[in-house]
Amino acid sequence: MAIASLFSGVRVVPVLTIPRVELAVPLARALVAGGITHLEVTLRTDCALAAIEAISARVPDAVPGVGTVTRPEHLAEARGAGARFAVSPGLTPAIAEVARTIADMPLLPGVATASEAMVAASYGFDHVKFFPAGAIGSVAALRGLAAPLPDIRFCPTGGIDAGNAGEYLMLGNVFCVGGSWLAPAGLLDKEDWPAISALAKAASAL
Ligand code: 3PG
């Protein structure tokens, strides 16, 4: 399944860094309760794959994905754990080749420039992550890319929060936004699930 159909109707994807595996299921349930279903679990902690496995097995309404894919072998590992989509901060030829072979886990590759978007498109990716959006020109940069690259759809990530997400989502070439603001480390530490649900609810209303 392509990103376009898997993400149909999805406007906000939380970027999750889960420090302990036992937080994965309550966190996913809190986000789903707030209307956020597609969850990017980054490979930035040792328990990331176990977290994806737990969410996949125990939170049926969630669609877990893997983030911070920087090596081709991450893709099969994450698919084995139950990831339904993958996100990478950039694209390498090896990642593009391996991603092609895992048809049931589409990849959203990261790009930061027109050239990178064109390379991604040459591998068949017409939906890409625009990263780190806040540092590479924000809304103005995406507006600038719309005319020369009309067939590319972007998911800006990096520096997005509840305050500016709406501005990005109004752009015609933006299909969703991603960010860590939905599960801040402070709330995760306190296991404050109602607060995380409230953030998710606000985001799903965007
Ligand atoms: C990512 O991996 O997409 C970013 O680290 C998330 O960026 P943010 O923390 O600024 O939302």
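Values below: all heavy atoms of this structure, side chains included; hydrogens, waters and symmetry mates excluded. Remember, it's 1-based here, ligands and their atoms both numbered in the order they're listed.
Residue E40 places no heavy atom under 4.0 Å from ligand 1.
In this structure, the side chain of R11 engages the main chain of F175 through a donor-acceptor pair within 3.5 Å.
Salt-bridge check for R20 with E191: passed, with a basic side-chain N closer than 4.0 Å to an acidic carboxylate O.
If you look at Y168 and F154, their ring centroids are not closer than 6.0 Å.
Nearest heavy-atom pair across P89 and T70 is CG-CG2, 3.9 Å. What you find for V12 and L182 is that their closest heavy atoms are CG1-CD1, 3.6 Å.
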Could you go step by step and tell me if R153 and D126 meet the salt bridge (Lys or Arg N to Asp or Glu O under 4.0 Å) rule? CA-CA 6 Å; R153 293 289 171 271; D126 56 3; over 6 Å; no

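With respect to atom 3 (O) of ligand 1, the closest heavy atom belonging to the protein is T157 CG2, 2.6 Å. Counting only heavy atoms of the protein, atom 8 (P) of ligand 1 lies nearest to S180 OG, 3.4 Å. Atom 4 (C) of ligand 1 has as its closest protein heavy atom F131 CE1, 3.7 Å. Nearest to atom 2 (O) of ligand 1 among the protein's heavy atoms is R44 NH2, 2.4 Å.
Below 4.0 Å from some heavy atom of K129 lie the following atoms of ligand 1, by number and element: 1 (C), 2 (O), 3 (O). Within the listing of ligand 1, atoms 7 (O), 10 (O) sit less than 4.0 angstrom from a heavy atom of G158. Counting the atoms of ligand 1 from 1 in the order shown, those under 4.0 Å from a heavy atom of G179 are 11 (O). Below 4.0 Å from some heavy atom of G159 lie the following atoms of ligand 1, by number and element: 8 (P), 10 (O).
Looking at V87 and F131, their side chains never come closer than 4.5 Å, going by heavy atoms from C-beta outward.
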